[in-house]
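Remember, predicted model here, so these are calculated numbers, not experimental data.
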Amino acid sequence: MRRSLALAALLVVSSGVVACSGAPGAPGSGPASGEKAPGSINPPAASLGPAPTMRVVTSGLTDPWELTWGPDNFLWATEKVGRKVDRINPADGAKSTVLDIPEVSSSGAQDGLLGMAFAGDSVFLAYDYSPSAGPNPPPPGPDTEPPPDLRGKIVRYHYDKAAATLTAPTVVLDNLPASADHNAGRLVFGPDQKLYYSIGDQGNNQFDRACRPIRAQDLPTAAQVTAKDWSTYVGKTLRMNPDGTVPADNPTIHGVRSHVFTYGHRNPQGLVFGPGGRLFSDEHGPKSDDEVNLLRAGKNYGWPFVAGYRDDQTYRYANWSAAPGCAGLHYDDYDLPPSVPLGPTETQWNAPDYVEPLKTIYTVPTGYNFQDPACGEEFDLCWPSIAPSSIDYVPAAGAPNPALANALLVPSLKNGAVYVFKLTQDGAWVGGDVVQLFRTRNRYRDVALSPDHTKVYVATDSEGKAGPQSGSVTGDLDNPGSILEFALTVPGQR
């Protein structure tokens with residue numbers, strides 16, 4: 001297996017932006033109080049020595065998406081395209097199917113069976129479905145298209161630990177926005193006994209959805225909440241009671257209380273609780289500026305007017321959906337037709353509830369070359385981002401190494417690595433250097449920690465392209481559809 005620990009600057013997705021650029025910015029960190037300060041990762045990182053030994057726990061999964069260490073000390077995984085929940089013995093890799101959900105609609109893109117969260121004798125699952133397709137939609141094939149009425153659903157199952165079964169499904173919330181692009185889908189159960197769910201901007205304003213507006217800044221009206229019209233829930237983090245109702249202590253935003261906890265997100269695929277009940281998220285940037293965020297009730301995270309910091313570097317909102325004759329335009333990620341209107345610059349736009357990210361990956365200045373000829377036709381593989389696909393937390397107590405104590409783990413889709421973001425002591429900011437671990441030629445989808453925090457388990461995509469610095473631009477992955485095990489240590493440090 002070819003491995004490298006050089007830091008890559010790569011990304012999975014693009015959006016309707018005006019792309020300029022330069023060299024990646026210098027790293028920085030904020031004060032312990034969490035006040036805003038500029039910061040980014042500055043590639044390349046110093047070599048950290050040989051990669052830890054990797055063990056393939058199991059393989060043959062069809063796009064594992066959520067990976068969770070269950071209360072029975074087994075690994076549990078959802079298969080996005082496989083439409084099933086698996087229970088995996090971490091010792092020998094033996095796996096069994098706990099649940100099949102034929103209702104799941106999966107085109108092989110970003111829709112399918114997604115998030116999973118344990119909560120006492122309940123397990124919550126999030127998946128996409130088509131109201132018009134009936135209970136048994138056809139399995140995805142090479143030419144499968146997502147249904148036009150694709151929706152999202154959260155369902156609660158009764159969990160019997162002794163029997164390792166999931167039964168008695170009860171719908172918590174349905175008719176949620178869903179898409180085959182920028183679908184988000186992360187689901188966590190918080191220490192406050194509330195359920196949190198992330199929904200992306202649906203991939204609007206780009207590619208074949210270029211003429212659909214981004215609604216990440218739109219908020220529900222009281223009438224929409226009463227009517228259970230969740231159409232404005234795109235680009236949001238939701239917070240709900242276990243029965244799907246709106247908590248009485250949810251934020252009132254612009255005079256309305258709904259499921260919306262935070263808004264202004266692009267594609268936030270990671271959610272995790274850290275110290276003091278803080279909720280952290282990561283999300284995909286356009287060509288640069290992936291973000292690590294600390295989510296605060298009722299706050300606005302800027303998309304589509306801001307990507308990364310509000311610094312007027314690289315990104316400016318180009319609103320394809322507002323262009324006259326949009327349907328007749330050819331979408332281009334680099335050359336903007338004069339009829340496509342530009343939004344305000346990042347610093348011209350302002351909102352009283354706007355919050356800056358804790359960290360960007362990466363911030364690059366205006367003038368950066370996003371069409372690097374070193375990547376041939378695969379320019380996106382060299383964009384300065386990592387495509388963060390989830391997020392986990394290593395607590396200070398019991399961490400195997402001080403460098404990993406009180407830190408966030410962020411897996412990368414585009415360069416097969418896990419990034420370590422060290423938190424300040426109070427957990428309110430990212431400080432210090434960012435460490436890169438477990439580099440392989442794979443696309444990392446999710447991570448899970450063993451209870452003693454000595455091992456990290458990584459779920460890999462079944463297909464897709466890894467970046468050139470991980471050894472492949474052909475889509476040939478070393479361990480497709482697998483669960484990998486690594487010792488949670490920092491190379492060169494013991």
Side-chain angles (χ1 to χ4, degrees), residues 9-22 107-111 142-150 177-183 200-218 234-235 266-267 283-290 303-308 312-346 349 364 366-385 387 413-414 463-465 467-468 473-475:
L10 310 165
L11 178 62
V12 153
V13 290
S14 63
S15 78
V17 301
V18 177
C20 328
S21 82
S107 66
Q110 294 187 27
D111 52 317
D143 301 315
T144 300
E145 292 290 334
D149 59 346
L150 192 67
S179 173
D181 194 15
H182 291 195
N183 206 20
D201 71 358
Q202 313 292 276
N204 290 0
N205 200 52
Q206 65 171 11
F207 303 116
D208 60 349
R209 299 176 69 95
C211 298
R212 305 186 188 196
I214 295 174
R215 304 190 66 190
Q217 291 291 321
D218 292 358
V234 295
R266 187 171 184 265
N267 194 22
E283 64 181 275
H284 296 239
K287 293 184 179 66
S288 61
D289 293 294
D290 295 340
W303 183 256
F305 297 104
V306 179
D312 291 340
Q313 294 193 85
T314 302
Y315 173 81
R316 187 172 177 184
Y317 177 35
N319 190 353
W320 286 78
S321 68
C326 176
L329 297 177
H330 170 70
Y331 180 82
D332 192 291
D333 228 0
Y334 305 99
D335 297 319
L336 191 70
S339 61
V340 175
L342 295 177
T345 65
E346 290 181 317
W349 177 84
V364 293
T366 299
Y368 184 87
N369 179 19
F370 284 100
Q371 295 176 280
D372 186 345
C375 296
E377 296 297 319
E378 307 289 349
F379 294 132
D380 60 317
L381 295 177
C382 290
W383 289 346
S385 301
L413 287 171
K414 288 308 284 284
E463 59 184 2
K465 294 180 180 179
V473 293
T474 66

What closest approach, in Å, do [X] and [Y] show between heavy atoms, and which atom pair accounts for it?
{"X": "Ser288", "Y": "Thr314", "result": "OG-CG2, 3.7 Å"}
{"X": "Trp320", "Y": "Pro337", "result": "CH2-CD, 3.3 Å"}
{"X": "Glu145", "Y": "Ser107", "result": "C-CB, 4.1 Å"}
{"X": "Leu329", "Y": "Ala323", "result": "CD1-CB, 3.7 Å"}
{"X": "Asn204", "Y": "Ile214", "result": "O-CG1, 3.6 Å"}
{"X": "Phe207", "Y": "Asp333", "result": "CZ-OD2, 4.1 Å"}

* Looking at CG of Asn369 and OH of Tyr334, how far apart are the two atoms once the value is rounded to the nearest 0.5 Å? ->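 One finds 9.0 Å between CG of Asn369 and OH of Tyr334.
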* Asked: Is any side-chain heavy atom of Tyr331 less than 4.5 Å from a side-chain heavy atom of Cys211?
  ->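 Tyr331 vs Cys211: side chains apart.
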* Do the non-hydrogen side-chain atoms of Val234 and His182 ever get within less than 4.5 Å of each other? ->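 SC-SC contact between Val234 and His182 ruled out.
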* To do: List the steps and the verdict of side-chain contact (heavy atoms from CB on, under 4.5 Å) for Leu413 and His284.
  => CA-CA 10 Å; Leu413 287 171; His284 296 239; 4.0 Å; yes
* Asked: So, the side chain of Asn205 versus the backbone of Ala318: is there a donor-acceptor pair under 3.5 Å, distance only?
  ->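 Such a contact is found between Asn205 side chain and Ala318 backbone.
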* If only atom types and distance count, is the side chain of Asn319 paired as donor or acceptor with the main-chain N or O of Gly343 below 3.5 Å? ->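 Between the backbone of Gly343 and the side chain of Asn319 there is no qualifying donor-acceptor contact (under 3.5 Å).
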Listed by chain and number, what are the side-chain contact (heavy atoms from CB on, under 4.5 Å) partners of [X], not counting sequence neighbours?
{"X": "Gln313", "answer": "Asp311, Thr363, Pro365"}
{"X": "Asp312", "answer": "Thr345, Glu346, Thr347"}
{"X": "Asn183", "answer": "Gln110, Asp111, Leu114, Asp128, Ala178, Ser179, Gln202"}

* **Within residues 200-211 or reaching into it, pairs that qualify as salt bridge (Lys or Arg N to Asp or Glu O under 4.0 Å) - sequence neighbours excluded** =>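 Listed by first then second residue: nothing to list.
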* Asked: Looking at Pro286, Cys382, Pro384, which one forms a side-chain contact (heavy atoms from CB on, under 4.5 Å) with Phe370?
  ->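 Going through the options one by one, the only one that passes is Pro384.
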* To do: Taking salt bridge (Lys or Arg N to Asp or Glu O under 4.0 Å) as the test, write out the residues that go with Arg212, two or more places apart.
  =>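 Salt bridge (Lys or Arg N to Asp or Glu O under 4.0 Å) check on Arg212 returns nothing, list empty.
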* Asked: Taking only residues two or more places apart in sequence, or in another chain, which ones meet Ser339 in a side-chain hydrogen bond (donor to acceptor under 3.5 Å, both in side chains)?
  ->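 Ser339 satisfies side-chain hydrogen bond (donor to acceptor under 3.5 Å, both in side chains) with no other residue.
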* **The single option from Phe305, Tyr315, Trp303 passing ring-ring contact (aromatic ring centres under 6.0 Å, His included) against Trp349** =>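 For Trp349, the ring-ring contact (aromatic ring centres under 6.0 Å, His included) check succeeds only for Phe305.
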